[in-house]
Amino acid sequence: MPDSAARSAATRVLSNVRPWGGAPADILIRDGHIIGIRPYDGLSAIDIDGAGLLALPGFINAHAHVDKSWWGQPWVSYGGQATTEGRIAHEREHRERLGIPGVEVTLAVLRESLRTGTTAIRTHVDVDLGIGVRGIEVVREGLAQLGGAIDAQIVAFPQDGVLRRPGVVELLDLAAREGADYIGGLDPAGIDRDPVGQLDALFGIAENRGVGIDIHLHDAGELGAFQMELIADRARRTGLAGRVNVAHGFAIGEVAASRRAEIIAQFAEAGVSMTTVAPVRPAPLPLRALRDAGVPVGLGTDGIRDLWTPYGTGDMLDLARLLAQVSGFRYDEELREAIEIGTSEGRSFVGRTQHGLAEGARADIVLVDAENPQDALMRAPERSLVMAAGRVVVRDGQILI
Ligand SMILES: [Zn+2]
């Protein structure tokens with residue numbers, strides 16, 4: 001076979017789709033990547049018929065906990081106290097009987113995520129004195145069983161605190177040495193009651209091992225804002241710009257406008273990003289101000305149906321609608337932006353320089369029967385087709401792998 005024929009045989013055509021609601025197009029795919037997009041003319045060879053459906057990029061879940069969901073198991077009633085400490089204790093008490101951490105539970109929530117179009121995830125994975133770093137191995141095994149359909153970055157996450165549990169710093173260091181992409185933190189003041197100590201320990205490991213940092217920060221008001229300054233200061237001094245993230249960061253939506261502007265400027269300058277889970281009760285993140293300042297904002301599910309919360313389905317399109325709703329979005333460009341935050345704009349949170357319906361991107365594509373992105377956002381229709389790295393993994397809402 002001549003070279004040109006071999007090359008064309010390796011190219012697949014996803015035909016007659018409407019990228020972001022635009023004109024019908026054919027998407028050319030080779031070796032798991034998009035190699036071109038051309039107008040649909042109805043004349044070319046078709047490998048996969050897109051039937052005129054709306055095409056969106058695969059969803060990026062920038063903040064998940066895929067190691068500890070009980071998705072797919074009989075209902076688990078929440079029995080702990082409704083505080084952070086109460087949730088930690090409840091989880092420690094019951095996780096083992098639910099098979100957490102385990103490949104089976106991880107696969108259940110990964111498969112459900114893929115079924116609704118999520119093709120890349122940054123997941124926190126619990127690391128603590130009870131289970132050590134075993135959860136990370138479990139998550140890696142679950143991901144491997146999906147053959148790379150979901151590509152993931154792993155945050156070694158000290159859910160039970162860092163300094164207050166002697167030995168956890170060493171576990172985080174071990175996780176970083178063994179290939180975790182990030183190490184996590186948790187309310188350096190609220191949980192460890194030693195913000196400088198926890199942050200210095202985390203940044204020390206990150207600098208030493210060449211990993212990033214992704215910190216859960218629920219601490220409210222000025223206490224949270226103060227820790228954001230400590231984080232920005234360390235990001236600047238350690239050269240970790242672009243690899244430090246604050247998850248939740250409710251405080252930034254709570255402090256006075258002038259204080260908020262100071263923190264946003266510090267984050268922009270120090271290369272600190274933020275992730276939100278579009279919470280209903282706390283003050284929403286100041287999305288517009290953050291994005292205008294160039295601070296990357298990622299969207300994530302947080303835990304899905306786990307020992308912390310009965311909520312969550314893993315459907316990023318549902319979550320993008322919630323983000324739009326809590327942000328007061330109404331105009332078409334805002335509604336589209338909510339989807340962009342859950343797709344192409346989430347790229348840096350999963351280690352990608354490119355993600356979207358464009359030449360060079362991994363062929364992660366979601367087709368839905370919707371008029372345009374805004375319509376898809378409001379209805380979150382069934383995923384007619386999900387392609388991950390060029391492989392069709394979902395058809396008509398059913399997972400194929
Ligand atoms: Zn979380």
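The chain is numbered in sequence order, starting from 1. Remember, it's 1-based here, ligands and their atoms both numbered in the order they're listed.
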Derivation of the salt bridge (Lys or Arg N to Asp or Glu O under 4.0 Å) call for Glu340 and Arg336: CA-CA 6 Å; Glu340 288 171 348; Arg336 177 178 161 132; 3.0 Å; yes

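- By the side-chain contact (heavy atoms from CB on, under 4.5 Å) test, Arg352 is found to be paired with Ala120, Asp151, Arg347, Val350, His355, Arg362, Asp364, residues two or more places apart in sequence or in another chain being considered.
- Listed by chain and number, the protein atoms of type N/O/S under 2.8 Å from the Zn ion (ligand 1) are His63 NE2, His65 NE2, His216 NE2, Asp302 OD1; waters are omitted.
- Between the side chain of Asp160 and the backbone N or O of Asp128, no donor-acceptor pair lies under 3.5 Å.
- Of the possible donor and acceptor atoms, none in the side chain of Ser384 sits under 3.5 Å from a partner among the backbone N and O of Asp396.
- By the 6.0 Å and 45° rule, Arg305 does not stack over the aromatic ring of Tyr311.
- Aromatic ring centroids of His63 and Phe349 lie 6.0 Å or more apart.
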